[in-house]
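In what follows, a structure is listed as structure tokens, so that the remarks can point back to it.
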Amino acid sequence: MSYPENFQFRKIFEINSFMVSPNGTLRVKSLADLLQEIAWKHADSEDFGRNLMESQQMWALSRFEFKIFKLPKWGDEIEVFTGGRGVEKFFAFREFLVRDKSGNILVRAMSSWLLLDLQTKRIQRPDQVLPAKVFDPQLKPDWQPPKILVEGEEIFSCSLHVKHSDLDLYNHVNNTSYIRWVEDCCLELGMQIVEELSINYQSECKLGDQLNLMVYEFSGEFLLKAVLEDKVCFTAKCQGKRK
């Protein structure tokens, strides 16, 4: 089977009832869950996924950017593609493409990842474990998730308490839990449809942590920053249709 745009892995998903919002369309958090799942499936198939735990290594998502053209609905079947998009310094890039059954593009997303030592959390060189046929070290993607600069007028703040349901298999907050926090906040502030979402993961959070989340508005976008004591945990940028 040939894949579009040099993608390397494909999986079909059905949109189930527990994935959708009250209007029947896929939640952005559920979209992130599906992209995380296909990333693991692809990595496992090429031996740079969960097997890295045996060598005390782990992947940490650094940045993620979504461009959402149309969200699928409950009962829809979608086709999700992913593939490596090269390595730059310590960052490995992975792209995603989501299509409906007719081949229409619903979502594009790009992510950057860091390889860490599981114990020390020191950054490792990704080419230690990545097969060159999947992540060509000579490639540098034109599209890279941006560094988010938080500015503008503060319009909202709240506390976020890390709970058991937020955690991943490493006992850190799962990257999709951060996206749920961002999505919920933007919807609370009147965003009806999320069209673009970017997030920078900056420091880890664990069970019981209490984060201070601040939201700013600048040029029609919501900019978010979450702080734990004196550390920035994540920043995010979101835009879309307002109520």
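Computed from a predicted model, the values in this text were never measured in an experiment. Throughout, numbering of the chain's residues begins at 1 and tracks the sequence.
The side-chain hydrogen bond (donor to acceptor under 3.5 Å, both in side chains) with Thr82 is formed by just one residue from the set His42, Arg94, Arg10; it is Arg94.
A donor-acceptor contact shorter than 3.5 Å links the side chain of Arg242 to the backbone of Gly220. Distance alone, capped at 3.5 Å, is enough to place a donor-acceptor pair between the Asn200 side chain and the Ile148 backbone. Remark: the backbone N or O of Lys163 is paired with a side-chain donor or acceptor of Asp166 at under 3.5 angstrom. Looking at Lys241, its side chain never comes within 3.5 Å of a backbone N or O of Met191 through a donor-acceptor pair. Remark: side-chain polar atoms of Asn16 are not paired, donor with acceptor, to backbone N or O of Met19 under 3.5 angstrom. In this structure, Thr120 contributes its side chain and Arg122 its backbone to a donor-acceptor pair below 3.5 Å. Between the side chain of Trp59 and the main chain of Trp40, no donor-acceptor pair closer than 3.5 Å is present. The backbone N or O of Val134 lies less than 3.5 Å from a partner atom in the side chain of Gln8, making a donor-acceptor pair.
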Test side chain to side chain contact (heavy atoms under 4.5 Å, CB included) on Lys67 and Glu195 and set out the steps. CA-CA 6 Å; Lys67 296 182 179 180; Glu195 296 177 322; over 6 Å; no
Any chance you could lay out the side chain to side chain contact (heavy atoms under 4.5 Å, CB included) test for Trp113 and Ser62, step after step, and finish with the verdict? CA-CA 5 Å; Trp113 301 73; Ser62 176; over 6 Å; no
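Using cut-offs of 30° and 60° on the angle between ring planes, the pair Trp181 and Tyr178 is perpendicular. Ring geometry for Phe64 versus Phe96: interplanar angle of 30 to 60°, hence tilted. The aromatic rings of Phe81 and Phe7 sit tilted relative to each other, their planes meeting at an angle between 30° and 60°.
In terms of hydrophobic clustering, with Ile, Leu, Val, Met, Phe, Trp and Tyr side chains grouped at heavy-atom distances under 4.5 Å, Val20 and Phe66 are assigned to a common cluster.
Remark: Arg108 engages Glu5 in a salt bridge, criterion side-chain N to carboxylate O under 4.0 Å. The pair Glu79-Arg99 meets the salt-bridge criterion, since a charged nitrogen lies less than 4.0 angstrom from a carboxylate oxygen. Between Lys237 and Glu65 there is no salt bridge, since no side-chain N of the basic residue sits under 4.0 Å from a carboxylate O of the acidic one.
With a 6.0 Å cutoff to the six-membered ring centre and a 45° limit on the axis angle, Lys11 counts as a cation-pi contact of Phe13. Taking the centre and axis of the six-membered ring of Tyr170, the NZ or CZ atom of Arg50 falls outside the cone set by 45° and 6.0 Å.
A donor-acceptor contact closer than 3.5 angstrom links the side chains of Gln57 and Gln128. Looking only at atom types and distance, the side chain of Gln119 has a donor-acceptor partner in the side chain of Gln56 under 3.5 Å away. Side-chain contact, Glu95 with Trp143: no donor N or O sits under 3.5 Å from an acceptor N or O. Checking Asp47 against Asn51 by side-chain atom types alone, no donor-acceptor pair falls below 3.5 Å.
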